[in-house]
Amino acid sequence: MDYQNADLFRIAKRESNQKREYLVVNRLQGKHIPVKPGQALAMFRALAGRLPGCCEGERTLVIGFAETATAIGAAVALERGCRYIQTTRETIPGVEYLYFSEEHSHATQQRLVKNDLDRILPEIDQVVFAEDEVTTGNTICNLIRVLEQAYPQQREYFVASLLNGMDAQALQLYNEKGIGVFYLVKTDHSGYTQAVQGYSRAGRYIDKETAEHTGCGNEPKAREWEIGGWLDARRLVQADTYKQACIRLWKELEKCLDQKPEAKVLVLGTEEFMYPALFAAEQMEGCGADVRFHATTRSPIAVFAEDAYPLHIRYELPGIYDAHRRTFLYDLAVYDAAVVITDAHAKNRSGMDALLRALTPLVKNIDVIWWR
């Protein structure tokens, strides 16, 4: 399928970010905007198909960028049979990290588990960086510099992104460095800062202390389940092994649910944890349910009431992984059922209960899956 600009994205306004005022919001990606899971995964697989033939098998490593591109990277790796690891902002006990910066982000520090890279990179011929959108290419260059300093062996680098907004100078630099660039849609960012100035009608903000939303004060009600077999893509995984873990998660999850096939269902991932929840959502869709998928996020985005603007209601919630973290969820709607799938091991009740309070007025039946 050939994707066009109008198919994929809208321009949103970042909250209090002086480095880059706008944010490109992909309406099929399943992060901020609810999407049919099959549409999201079809798009990710289409991106995998743009890569050259050499980018496949166990001698290729795919790196997905947290938090918005973790599902993209996993889907590309699974489609091409590669090894996979995602960057992370979470703290993993007992590991060393390689650090690099993402200057335009709300949270600039990114990291990869060095212990896994030490073990695998001598065997890798190609590294593919999977992103939702590449604007300047600076973040990937920052990471390549860190990798080359730590692992000087010769290897090829490739970039696979849904959108590419690099200008001619940036593309020329990548060409000179021998970095392959592949994408679904080319974008032009020159008017994006001006585009977000045209909205004036404030959207609806529901923060974690506010009870103005009808039903926000209700005691949250949900069935909660623990499912074993967790495989953490913040650590190195092999495509087939990760896929089998996701299949087992879905089979166990299916036993827990009692939804009617025709039900309208919301499936939510949490922050960096997206692909296994998206995979399960696609399986539900295949069983006949009307499914939408998106995820909580650490990205603070302004919301406006105008129809042309992509996001209209913002819930601010304490994090499930860290109660002191601000996380957000956008544009909840009415559903017959909701399934929250998370790999947060701390079981932070304040974060989960806040999420459930947001869902309770809109959803008849809620299930929470703790994958561990």
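These numbers were taken from a predicted model, which means no experiment stands behind them. Computed over heavy atoms, backbone and side chain alike; hydrogens, waters and symmetry mates excluded.
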Pair [X] + [Y], salt bridge at N-O below 4.0 Å:
X	Y	value
D240	K243	no
E224	R349	yes
E272	R234	yes
E148	R145	no
E282	R45	yes
D290	R292	yes
E15	R314	yes
E67	K31	yes
D336	K264	no

Enclosure of [X] [atom1] (heavy-atom neighbours >12, cutoff 6.0 Å):
X	atom1	value
Q169	CD	no
Q153	CD	yes
K251	NZ	no

Checking [X] side chain against [Y] main chain: does a donor-acceptor pair fall under 3.5 Å?
X	Y	result
E316	Y205	no
R235	V113	no
R80	C55	yes
E56	G81	no
Y309	K13	yes
D331	I313	yes
K221	L356	no
T327	L317	yes
Y330	I301	yes
D132	A69	no

Sequence neighbours excluded, which residues qualify as side chain to side chain donor-acceptor pair (under 3.5 Å) partners of W250? none
[X] and [Y]: which non-hydrogen atoms are nearest, and at how many Å?
X	Y	answer
A245	G229	CB-O, 4.1 Å
V291	P37	O-CD, 3.4 Å
A280	I341	CB-CD1, 3.9 Å
D367	R223	OD1-NE, 2.9 Å
G30	V35	CA-CG1, 3.4 Å
L8	M43	CD2-SD, 3.4 Å

How long is the span from the [atom1] atom in [X] to the [atom2] atom in [Y], to the nearest 0.5 Å?
X	Y	atom1	atom2	answer
H294	L332	NE2	CG	5.5 Å
L112	Y99	CG	OH	11.0 Å
L61	Y84	CG	OH	10.0 Å
L359	Y335	CG	OH	9.5 Å
L355	S350	CG	OG	11.5 Å
F293	I33	CZ	CD1	13.5 Å

Decide yes or no for [X] and [Y]: does some side-chain heavy atom of the first lie under 4.5 Å from some side-chain heavy atom of the second?
X	Y	result
E79	V76	no
D343	Y321	yes
R50	L184	yes
I11	V24	yes
D116	V95	no
L121	L147	yes
N175	Q172	yes
P300	F328	yes

Scan side-chain atoms only and decide if T87 and Q110 contain a donor-acceptor pair under the 3.5 Å cut-off. yes
Verify whether one side chain among Q126 and T60 offers a donor that lies under 3.5 Å from an acceptor in the other. yes
Contacts of E123 that satisfy salt bridge (Lys or Arg N to Asp or Glu O under 4.0 Å) - sequence neighbours left out: R83
Could you walk me through whether W370 and I320 pass side chain to side chain contact (heavy atoms under 4.5 Å, CB included), step by step? CA-CA 11 Å; W370 302 88; I320 298 172; 4.3 Å; yes
For L47 and F44, run side chain to side chain contact (heavy atoms under 4.5 Å, CB included): C-alpha distance rounded to whole Å, both residues' side-chain angles, the deciding distance at 0.1 Å, then the answer. CA-CA 5 Å; L47 177 62; F44 302 164; 5.6 Å; no
Centre-to-centre under 6.0 Å for H189 and Y22, is that the case here? yes
Can you say whether the rings of W371 and F273 are parallel (under 30°), tilted (30 to 60°) or perpendicular (over 60°)? tilted
CA sep, side-chain torsions, deciding dist, call: L253, Q283, side chain to side chain contact (heavy atoms under 4.5 Å, CB included): CA-CA 11 Å; L253 167 60; Q283 304 310 302; over 6 Å; no
Give the cluster check for L173 versus V159: same hydrophobic cluster or not, with ILVMFWY residues linked at side-chain heavy-atom distances below 4.5 Å. no
Same apolar cluster (I L V M F W Y, side chains within < 4.5 Å links), L51/Y3: yes
Checking V181 against Y183 for the side chain to side chain contact (heavy atoms under 4.5 Å, CB included) test, could you report, in this order, the C-alpha distance in whole Å, the side-chain angles of both residues, the deciding distance, and whether it holds? CA-CA 7 Å; V181 178; Y183 50 84; 3.9 Å; yes
